[in-house]
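I have placed the structure first, in the form of structure tokens, so that the comments after it can refer back to it.
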Amino acid sequence: MDKVCKAITEYPSVTQKELQELTGLSRSGMHYIHEFERKSSMSIKEKAELIVADIKKELGTNPVLIFKNLAKKEYVSINGPEHHILDGASLLMAYKNAGGEIDIDQALDRLMAEGLRMPGAMCGLWGICGAITSIGAALAIIDGTGPLSTDGTWGSHMQFTSKAIGELGIINGPRCCKRDAMIAFKNGVDYVNAHYDVTLQYEQMKCEFTELNEQCIKDRCPFYAHSFQQEY
């Protein structure tokens, strides 16, 4: 399926016969292409609903692994605002699986509602990354934080956001929703493990998405496979 996605992305006007040759799929396997095309035309809300449904099947306590499992789904683009739901949902699911006391169905519904309010390209247009605000929304849901909160969570969430966005700023653009998610998770896991009575696992992801991202910054990325920084 990855080969199909790449072929359709790079050759949008390709014929069905040419696409068969590019991907090596048999005629009987061409239904996968039609399924991909159908899901490529889905709205962000439709993608978000699939993310929420699929993420409930995940059992681990490592939000990075949960994210990777979902990011490989054919309905998740290499870059796109569906990450504003996927990133925070991955953290919420890992938190629940680690023993966090939360109504996961209600939490994911709220996270989806918040994520759908975050527009695409907000990183470049607003100066704040949706991966980080998605994790921030997850923390607010866990803590019940709102704009009038005085229990300390309002400020501590801002400190999380500030630290994570500072790391993204040092790396610089262009955007990559996979790289930005990894920075958000790194800081998000640190926050959860320091503030709650649960322990989340963290894996520094060696990027598996480079070939799908035309704007990959390669060696400037701490997750780039060919210059992987194990202790980032």
Side-chain angles (χ1 to χ4, degrees), residues 1-10 32 35-97 108 111-112 114-116 118 120-123 129-138 164 168 171 174-189 200-218 221-225 228 232:
M1 182 57 73
D2 286 344
K3 190 183 293 185
V4 174
C5 298
K6 190 171 188 294
I8 293 177
T9 300
E10 293 185 353
Y32 287 110
E35 181 69 3
F36 170 81
E37 290 174 330
R38 181 184 72 81
K39 291 184 176 178
S40 294
S41 64
M42 297 171 73
S43 69
I44 297 302
K45 187 174 187 296
E46 290 172 324
K47 291 183 177 186
E49 289 170 346
L50 282 176
I51 287 169
V52 168
D54 284 341
I55 214 160
K56 292 178 183 179
K57 304 169 188 175
E58 296 292 325
L59 303 176
T61 61
N62 185 330
V64 175
L65 292 180
I66 293 175
F67 171 87
K68 286 170 65 176
N69 289 342
L70 271 289
K72 293 175 182 176
K73 300 286 187 181
E74 66 274 13
Y75 58 81
V76 177
S77 304
I78 183 65
N79 294 296
E82 59 262 45
H83 291 81
H84 302 169
I85 296 92
L86 174 57
D87 299 1
S90 297
L91 188 84
L92 286 175
M93 199 68 233
Y95 176 81
K96 171 65 174 178
N97 292 340
L108 289 172
L111 190 284
M112 180 170 68
E114 294 299 329
L116 288 172
M118 304 174 193
M122 58 189 288
C123 54
C129 173
I132 293 169
T133 56
S134 183
I135 300 295
L168 283 186
I171 295 171
R175 64 84 183 90
C176 170
C177 288
K178 302 303 189 284
R179 178 188 73 237
D180 299 347
M182 291 307 105
I183 299 296
F185 284 131
K186 171 177 172 284
N187 287 276
V189 168
L200 300 188
Q201 305 302 313
Y202 172 74
E203 172 203 339
Q204 185 182 336
M205 184 183 79
K206 184 181 291 188
C207 186
E208 303 171 14
F209 301 94
T210 296
E211 293 184 0
L212 298 175
N213 184 7
E214 294 181 2
Q215 295 85 33
C216 177
I217 62 174
K218 301 187 185 303
C221 176
F223 310 103
Y224 183 52
F228 188 56
Y232 178 78

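With contacts defined as side-chain heavy-atom distances shorter than 4.5 Å, the pair Arg175/Gln215 qualifies. For the pair Met42/Leu50, a side-chain contact is recorded, criterion being any heavy-atom separation below 4.5 Å from C-beta on. Taking the side chain as every heavy atom from C-beta outward, Ile171 and Cys221 never approach each other to under 4.5 Å. Proximity of Leu116 to Ile85: side-chain heavy atoms (C-beta onward) are separated by under 4.5 Å at one or more points. Put simply, the side chain of Asn79 does not reach to within 4.5 Å of the side chain of Phe209, judged on heavy atoms. Between Thr133 and His84, the closest side-chain pair of non-hydrogen atoms is not below 4.5 Å. Put simply, the side chain of Leu70 reaches to within 4.5 Å of the side chain of Tyr75, judged on heavy atoms. Annotation: side chain of Ile217 is not in contact with side chain of Cys176 (no heavy-atom distance under 4.5 Å).
The CE atom of Met122 sits 9.5 Å away from the CD1 atom of Ile132 when rounded to the nearest 0.5 Å. Here the CD1-CG distance, from Ile66 to Leu86, works out to 10.0 Å after rounding to the nearest 0.5 Å. Atoms CG and CG, from Asp180 and Leu168 in turn, are 5.0 Å apart once rounded to the nearest 0.5 Å. Distance check: Met93 CE to Asp54 CG gives 12.0 Å after rounding to the nearest 0.5 Å. Distance check, rounded to the nearest 0.5 Å: CD of Glu114 to CG of Leu111 gives 8.0 Å. Atom CG of Asn69 sits about 12.0 Å away from atom NZ of Lys57, to the nearest 0.5 Å.
Phe223 and Tyr202 get closest at one heavy-atom pair: CE2-OH, 4.2 Å. Between Gly88 and Ala138, the closest heavy-atom pair is O-CB, 3.7 Å. Among all heavy-atom pairs drawn from Cys207 and Ala225, the shortest one is O-CB, 3.9 Å. Shown here for Cys129 and Cys123, the closest heavy-atom pair between the two residues is CA-CB, 4.1 Å. The two residues Ala137 and Met118 come nearest to each other via the heavy atoms CB-CE, 4.2 Å.
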Could you go through the side-chain contact (heavy atoms from CB on, under 4.5 Å) check for Thr210 and Lys218 one step at a time? CA-CA 8 Å; Thr210 296; Lys218 301 187 185 303; 4.1 Å; yes

Criterion side-chain contact (heavy atoms from CB on, under 4.5 Å) on Ser77 and Glu82, from CA distance to verdict: CA-CA 8 Å; Ser77 304; Glu82 59 262 45; 3.1 Å; yes

Could you please spell out the steps behind the side-chain contact (heavy atoms from CB on, under 4.5 Å) verdict for Leu91 and Leu200? CA-CA 9 Å; Leu91 188 84; Leu200 300 188; 3.8 Å; yes

Stepwise side-chain contact (heavy atoms from CB on, under 4.5 Å) test for Asn213 and Arg179: CA-CA 11 Å; Asn213 184 7; Arg179 178 188 73 237; 5.8 Å; no

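In Lys68, the NZ atom is crowded: over 12 heavy atoms of neighbouring residues, nucleotides or ligands sit closer than 6.0 Å. More than 12 heavy-atom neighbours from other residues, nucleotides or ligands sit within 6.0 angstrom of NZ on Lys56.
The closest donor-acceptor contact from the side chain of Asp87 to the backbone of Ile135 lies at 3.5 Å or more, if one exists at all. Under the 3.5 Å distance criterion, the side-chain polar atoms of Asn97 are matched with a main-chain donor or acceptor of Gly60. Under a 3.5 Å cut-off, the side chain of His83 and the backbone N or O of Cys177 do not form any donor-acceptor pair.
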